[in-house]
Amino acid sequence: MADFFEDQENMDEDDDIIVLYNEERDTDEEFYHLATLDVDEKWYVVLKPVEKLPDIEDDEVLIYEIRESDSGEDIFAAIEDEEVLDKVFNAFVEEVEKYDQEDEADGEN
């Protein structure tokens with residue numbers, strides 16, 4: 001897992017960036033879009049801050065459930081249930097490990 005976060009430090013401007021509004025600090029903040037996952041027939045997004053934020057550690061990610069608003073737009077909803085959060089995070093870790101294994105296999109060829 002540590003390799004994944006080290007690789008993320010090498011992300012550049014061509015990578016997917018999502019801007020979220022932080023109500024507490026009254027500012028927009030940029031996040032790398034790391035993954036979109038289907039877990040138990042619900043969709044989740046995994047994000048990592050582009051710049052260091054005071055309330056997020058370097059090796060932490062944000063995970064939100066993607067829901068549809070009444071107007072049909074996608075919104076990111078906080079996940080209150082720790083079990084759901086752990087399940088989605090574990091699915092993310094599995095995907096990262098698969099990616100790392102595929103990357104290592106490509107490097108051997």
Side-chain angles (χ1 to χ4, degrees):
M1 191 67 180
D3 291 341
F4 175 78
F5 287 104
E6 289 170 14
D7 289 345
Q8 298 311 303
E9 293 172 9
N10 298 322
M11 294 182 102
D12 59 34
E13 294 175 16
D14 294 334
D15 296 306
D16 288 336
I17 293 181
I18 295 174
V19 178
L20 299 179
Y21 177 71
N22 184 324
E23 291 178 4
E24 290 179 17
R25 292 206 302 264
D26 190 30
T27 186
D28 287 335
E29 297 172 339
E30 294 183 329
F31 294 85
Y32 291 117
H33 172 239
L34 302 180
T36 301
L37 303 167
D38 179 2
V39 178
D40 295 338
E41 299 182 18
K42 292 184 180 180
W43 287 95
Y44 299 89
V45 64
V46 182
L47 307 171
K48 179 179 168 90
V50 169
E51 296 180 8
K52 174 74 176 122
L53 296 176
D55 51 345
I56 301 173
E57 297 295 322
D58 289 339
D59 62 348
E60 288 184 321
V61 296
L62 298 179
I63 301 173
Y64 292 101
E65 181 180 348
I66 302 172
R67 295 185 184 163
E68 189 173 312
S69 70
D70 293 338
S71 62
E73 296 178 350
D74 286 342
I75 58 172
F76 294 165
I79 301 170
E80 303 289 330
D81 186 328
E82 286 293 321
E83 286 183 30
V84 171
L85 190 57
D86 287 342
K87 190 171 193 173
V88 174
F89 181 74
N90 289 334
F92 171 65
V93 169
E94 287 176 22
E95 289 300 315
V96 169
E97 289 172 351
K98 282 184 207 174
Y99 174 80
D100 287 345
Q101 289 172 356
E102 289 172 5
D103 197 38
E104 287 174 13
D106 289 343
E108 291 175 3
N109 293 331

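Residue indices begin at 1 and follow the sequence shown.
- Here Glu29 pairs with Arg25 under the salt bridge (Lys or Arg N to Asp or Glu O under 4.0 Å) rule; sequence neighbours left out.
- The shortest distance between side-chain heavy atoms of Glu57 and Asp59 falls below 4.5 Å.
- Here the closest heavy-atom approach between residue Tyr44 and residue Val39 is recorded as CE1-O, 3.6 Å.
- Atom-to-atom distance recorded for Phe92:CZ and Glu97:CD is 10.5 Å, nearest 0.5 angstrom.
- Rounded to the nearest 0.5 angstrom, Glu60 CD and Asp55 CG are separated by 9.0 Å.
- Looking only at side-chain heavy atoms (C-beta outward), Asp16 and Tyr32 stay at 4.5 Å or farther from each other.
- Under the 4.5 Å side-chain contact rule for hydrophobic residues, Val45 and Phe31 share a cluster.
- Formation of a donor-acceptor pair under 3.5 Å by the Lys48 side chain with backbone atoms of Asp58 is found in this model.
- With values rounded to the nearest 0.5 angstrom, Tyr21 atom OH is found 8.0 Å from Thr27 atom OG1.
- Here the options are Val46, Leu47, Ile79, the test is side chain to side chain contact (heavy atoms under 4.5 Å, CB included), and the partner is Tyr64; only Leu47 passes.
- Taking CD from Glu65 and CD1 from Ile75, the interatomic distance works out to 9.0 Å, rounded to the nearest 0.5 Å.
- Placement of Ile17 and Val61 within a single hydrophobic cluster is found when ILVMFWY residues are connected by side-chain heavy-atom separations under 4.5 Å, directly or transitively.
- For the atom pair Leu62 CG and Leu53 CG, the distance stands at 8.0 Å (nearest 0.5 Å).
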Discussion item. Let's go through Phe76 and Ile18 carefully: what are the C-alpha distance in whole Å and the side-chain angles of both, what is the deciding distance for side-chain contact (heavy atoms from CB on, under 4.5 Å) to 0.1 Å, and is it a yes or a no?
Written reply: CA-CA 11 Å; Phe76 294 165; Ile18 295 174; 4.1 Å; yes
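- The distance from atom CG of Asn90 to atom CG of Leu37, rounded to the nearest 0.5 Å, is 11.0 Å.
- When the side chains of ILVMFWY residues are joined at heavy-atom separations under 4.5 Å, either directly or via intervening members, Leu20 and Ile66 end up in a single hydrophobic cluster.
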